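Below is one structure. I have some questions about it.
These values consider heavy atoms only, across backbone and side chains, with no hydrogens, waters or symmetry-generated copies. So you know, we letter chains A, B, ... as the sequences are listed, proteins then strands, and number each from 1. No experiment lies behind these values; they were computed from the predicted model shown.
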Amino acid sequence: MIKSKVQKFVDGCVEAGIAQGLWSEKLRGKYSVEIPKHKGQGDFSTNFAMVAAGIEKRNPRELATQFIECAGSEGDLVERLEIAGPGFVNVFLNPSVWATVIEPICTQDTSFGPPPVNEKKRVLVEFVSANPTGPLSVGHGRNAILGDAIARLLESVGHDVHREYYFNDAGRQMRVLGQSTKARYCELLGKPADFPEDGYQGEYIYDIARSMVEESGDALCDGELDVFKKKAQEAIFADIDATLKRIDIRFDSYFNEHTLYETGQIEDVVKCLRSQGLVYEKDDATWFKTSELGLEQDRVIIKSSGEPTYRLPDIAYHREKFRRDFSWMINVFGSDHIATVPDVLAGVRALGYDDSLITVVLYQFVTLLRDGKQVKMSTRKATFVTVDELVDEVGGDALRFFFLMRKPDSQLEFDLDLAKKQNQENPVYYVQYAHARLCSIGREAMEQKIEHKDADLSLLTEPEEYALLKIMADYPQLVSGAAEDLAPHRIIFYLMELAGQFHSFYNKHKVLGDDAELCRARLSLCAAVKVVIRNGLNLLGIQAPERM
RNA sequence: GCGCCAGUAGCUCAGUCGGAUAGAGCAACGGCCUUCUAAGCCGUGGGCCGGGGGUUCGAAUCCUCCCUGGCGCGCCA
């Protein structure tokens, strides 16, 4: 909000210099305007003189002096300019400009946030995409919450976002699921059960089998495997759906791999690739010549059994995304899928599409700690902690907050014991508590019938007040940047800083004090802080409670 | 052996496409409630930013070579 004004001001100085022939026009856009780290270095600073010095081969301080001369009469925005350090120009603003952030925040209220992007895109965010073989586990949880937060961020900057879940209910995994279920069913009936070597050992398989016994008795013992497969798949998918709803995650569409077979897409992709000489047969299998597309080795796309490998439907699926006219496709994958990415991108490229429109967000694994020890997890043995269990233990808000605290590239350590005792020290409460306090102040003001419309904001002169105003002024740009970089964790850190600054302010200064005018001004400030905290939390799908 | 990610305070991690004197939370220690919510605040200590070399006015950030940890390198997904 304020920064863009300063940026314009600096740009103006640079242009004036160009007009006067002080430096070349090559300098346009080469410098930056930043918020200095330390006190005494102004509200903003620019490295213009240092950047210019490098290009023009001149002394930075001399350039800085000329820059300041170009500023001329500075208007209401800038109070003074200083040269510091190796050649920074520090910009000190007229303090009164900071309070101007309050009005737009309060007016825009729930819609206060980042400016819309210049180029609005039709974005497909594909996430979760777990096959229905069991309940969602911790890793899926990170995927779900990360994907949803990314989708929310992109929506907030004006993109047209579509959430999609891609899944497969056929193939080997599902066959094993059916066999596992049938074996448990027979076992429950006291009949010989043939539990598969690599079957799913989770308790949830018994639950499904038990419900089948209740429904059908022993009638299915000699029945088709498909019945078990279908039943298990439906039950598990219903569970996954329910889990996702619990943490408020919804999809616009589910894409079943099946449809790619039914509509002939799979065969068509092979045909297209083959026509370009990128497909050949060897050892009864069909190979994709990825080595000709810059990759290390060729890959099998159809096994000797006649069944495609995951690559083929994946390529077909991505072609469908392009055909559905998305201009940005985001995939949220666990880092164990990293090897699959280059093949699929190569396939998409070979089919004539621009694979730079696909962004793959790979997140690192979640390490779970219990009793200070790492929990070993195995999907098949079902020795994993489910998203449902996590929600039971820490709640949806804390779960989202924790999963979003780390950037995707970082491994995420989740200490269950810590999370459980975190009723007291959970950082999510720290931020939510600030909001609850603000609401409390608002309620009290209401009771005392104190209005804060048209308050004299020039009364906000305490350091804690300026600090709050400055942080809030940064919000729109922060969200824009976080959206652009698909980095929801920055919102978390921002909110912790804003909440912290508010708590400091709250402890040092009384809002509803004796001075009626000051009280009104501070109420305006608080109203704005409340809006920003609430909007920030909601942006991540976290509640902003009015009482705690 | 090859690829990707990480290595920053005792622990968990930020550090916004190279900026000035290195940041937060937790843990430790010492203070603050007759006052709008103490789920809070204030103060103290704590660092060869994994290591070497390089690029330049300037490096936690970029390049290179090592070390350590994680994930991969299937006719599994």
### Summary
Side-chain contact check for His38(A): nearest option of C2(B), U37(B), U21(B) is U21(B)
### Task
Just say parallel, tilted or perpendicular for the rings of His489(A) and Phe493(A), cut-offs at 30° and 60°.
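Judged by the thresholds at 30° and 60°, the geometry between His489(A) and Phe493(A) is perpendicular.
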### Query
Which of parallel (below 30°), tilted (30 to 60°) and perpendicular (above 60°) describes Trp287(A) and Tyr280(A)?
parallel
### Task
Ignoring hydrogens and angles, tell me if any N or O in the side chain of Ser504(A) forms a donor-acceptor pair with the backbone of Gly500(A) under 3.5 Å.
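Flag set: sc Ser504(A) to bb Gly500(A) pair under 3.5 Å.
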### Query
For the side chain of Met548(A), counting heavy atoms from C-beta on, which of C36(B), A39(B), A20(B) is nearest?
A39(B)
### Task
Scan residues 474-503 of chain A against RNA chain B and write down, sorted by residue number, each residue with any heavy atom closer than 4.0 Å; if none is found, say none.
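Going residue by residue through residues 474-503 of chain A, the ones with a heavy atom under 4.0 Å of RNA chain B turn out to be His489(A), Phe493(A), His503(A).
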### Message
Any base atoms under 4.0 Å from Tyr506(A), or only sugar-phosphate, or nothing? Heavy atoms, all strands.
### Response
base
#### Entry: Test: Arg443(A) and Glu447(A) ion pair at under 4.0 Å
no
### Query
Under the 3.5 Å rule, do the base of A20(B) and the side chain of Ser45(A) count as making a donor-acceptor pair?
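Pair found.
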### Task
Find the partner of G72(B): check Watson-Crick (N1-N3 plus N6-O4 or O6-N4) and G-U wobble (N1-O2, O6-N3) distances, both under 3.5 Å, and reply none if neither fits.
C2(B)
### Task
Write down the distance separating the C1' atoms in C5(B) and G18(B), rounded off to the nearest Å.
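So the two C1' atoms sit 22 Å from each other.
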### Task
Look at all strands and tell whether His509(A) reaches a base, only sugar-phosphate, or nothing, counting heavy atoms closer than 4.0 Å.
base
### Message
What is the distance, to the nearest angstrom, from the NE2 atom on His452(A) to the C1' atom on C36(B)?
### Response
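Result: 15 Å.
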### Query
Is any side-chain nitrogen or oxygen of Tyr430(A) closer than 4.0 Å to OP1 or OP2 of A38(B)?
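No, no such contact exists.
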### Query
Any salt bridge between Arg490(A) and Asp485(A), counting N to O under 4.0 Å?
yes
### Query
Between U55(B) and U61(B), how far is it from one P atom to the other, in whole Å?
15 Å
### Task
Measure the distance from CG on Asp397(A) to C1' on A39(B) and round it to the nearest whole Å.
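It is 14 Å, rounded to the nearest whole Å.
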### Message
Between G10(B) and G53(B), how many Å separate the two P atoms, rounded to a whole number?
### Response
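To the nearest whole Å, 24 Å.
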### Message
Can you tell me the base-pairing partner of C49(B)? Count Watson-Crick or G-U wobble geometry only, both distances below 3.5 Å, and say none if there is no partner.
### Response
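The base-pairing partner of C49(B), which may sit in any strand shown, does not exist here.
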#### Entry: Whichever of Asp409(A) and Ile441(A) has its nearest RNA chain B nucleotide further upstream toward 5'
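Per heavy-atom nearest nucleotide, the more 5' residue is Asp409(A).
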### Message
Regarding Lys37(A), tell me which of base, sugar-phosphate or nothing describes its non-hydrogen contacts under 4.0 Å with the strands shown.
### Response
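If one applies the 4.0 Å heavy-atom cut-off, Lys37(A) turns out to touch the sugar-phosphate alone, with no base involved.
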#### Entry: Pairs where residues 464-481 of chain A contributes a residue and the test salt bridge (charged side-chain N to carboxylate O under 4.0 Å, His left out) is met, not counting sequence neighbours
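Every salt bridge (charged side-chain N to carboxylate O under 4.0 Å, His left out) pair that includes a residue of residues 464-481 of chain A, provided the two are not neighbours, is Asp43(A)-Lys470(A), Glu464(A)-Lys508(A), Glu465(A)-Arg522(A).
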### Task
Using whole Å, report how far CG of Asp514(A) lies from P of C36(B).
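Those two atoms, CG and P, are 13 Å apart.
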### Task
To the nearest Å, give me how far apart CG (Leu369(A)) and P (C11(B)) are.
14 Å
### Query
What does Asn47(A) touch in the nucleic acid at a heavy-atom separation under 4.0 angstrom: a base, only the sugar-phosphate, or nothing?
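Counting heavy atoms under 4.0 Å across all strands, the contact made by Asn47(A) includes a base.
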#### Entry: Distance between C1' atoms of U8(B) and G47(B) (Å, rounded)
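It works out to 8 Å between them.
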#### Entry: Where the chi angle of C49(B) falls, syn if within 90° of 0 and anti if not
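Anti, angle beyond 90° from zero.
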### Query
Side chains of Ile542(A) and Gln432(A): closer than 4.5 Å at any heavy-atom pair?
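A side-chain contact exists here, since the closest heavy-atom pair is under 4.5 Å.
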### Side-chain heavy atoms of Leu486(A) within contact of Leu146(A), under 4.5 Å
no
### Task
Specify whether Tyr475(A) and Tyr494(A) have parallel, tilted or perpendicular ring planes, treating 30° as the upper limit for parallel and 60° as the lower limit for perpendicular.
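It falls in the tilted class, 30° to 60°.
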### Query
When we call it a touch if two heavy atoms are under 4.0 Å apart, what does Lys508(A) touch: a base, just sugar-phosphate, or nothing?
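Since no nucleic acid heavy atom lies under 4.0 Å of Lys508(A), the category is nothing.
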### Query
Which of parallel (below 30°), tilted (30 to 60°) and perpendicular (above 60°) describes Tyr254(A) and Phe167(A)?
perpendicular
### Task
Can you tell me, in whole Å, how much space there is between the P of A20(B) and that of C62(B)?
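The same atom, P, in both gives a distance of 15 Å.
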### Task
Nearest whole angstrom, please: distance from the P of A39(B) to the CD of Glu546(A).
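It is 19 Å, rounded to the nearest whole Å.
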### Task
Return the orientation label for the Phe502(A) and Tyr506(A) ring planes: parallel under 30°, perpendicular over 60°, tilted otherwise.
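Tilted.
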### Query
Within less than 4.0 Å of OP1 or OP2 of C5(B), is there a side-chain N or O belonging to Ser410(A)?
no
### Task
For G25(B) versus U64(B), give the span between their P atoms, rounded off to a whole number of Å.
36 Å
### Query
Can you tell me if the side-chain N/O atoms of Arg437(A) get under 4.0 Å from OP1 or OP2 in A38(B)?
yes
#### Entry: First of Asn90(A) and Glu413(A) reached from the 5' end of RNA chain B, by closest nucleotide
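Nearest-nucleotide comparison on RNA chain B picks Glu413(A).
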### Task
Just name whichever nucleotide pairs with A39(B), Watson-Crick or G-U, keeping both distances under 3.5 Å, else none.
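No nucleotide pairs with A39(B).
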### Query
Are any of Lys407(A)'s side-chain N or O atoms less than 4.0 Å away from OP1 or OP2 of C5(B)?
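It does not, given that no N or O in the side chain of Lys407(A) lies less than 4.0 Å from OP1 or OP2 of C5(B).
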### Query
Under a 3.5 Å cut-off for both distances, is A28(B) Watson-Crick or wobble paired, and to whom?
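Result: U44(B).
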### Query
Taking CG from Asp515(A) and P from C36(B), how many angstroms apart are they, rounded to a whole number?
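Whole-Å distance recorded here is 19 Å.
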### Task
Quickly, which of Asn47(A), Thr46(A), Asp11(A) forms a side chain to side chain donor-acceptor pair (under 3.5 Å) with Tyr31(A)? Name it, please.
Asp11(A)
### Task
Take atom CE of Met50(A) and atom P of G58(B), then tell me their distance rounded to the nearest Å.
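It works out to 11 Å between those atoms.
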### Query
When rounded to the nearest Å, what value does the distance between P atoms of A60(B) and G54(B) take?
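Taking atom P in both A60(B) and G54(B), they lie 15 Å apart.
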### Task
Under 4.0 Å between any heavy atoms, over every strand shown, what does Ser440(A) touch: base, sugar-phosphate, or nothing? Just pick one.
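The answer is base, as Ser440(A) lies within the cut-off (heavy atoms under 4.0 Å) of a base atom.
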#### Entry: Base-contact (B) and sugar-phosphate-only (S) positions in nucleotides 68-77 of chain B, heavy-atom cut-off under 4.0 Å, - elsewhere
--SSSSSBSB
### Flag if over 12 foreign heavy atoms under 6.0 Å of CD, Glu462(A)
yes
### Message
Between A22(B) and G3(B), how many Å separate the two P atoms, rounded to a whole number?
### Response
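Here A22(B) and G3(B) have their P atoms 35 Å from each other.
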### side-chain N/O Tyr433(A) vs A39(B) OP1/OP2, d < 4.0 Å
yes
## Note on the structure
Here the distance between atom P of U16(B) and atom CD of Glu34(A), to the nearest Å, is 10 Å
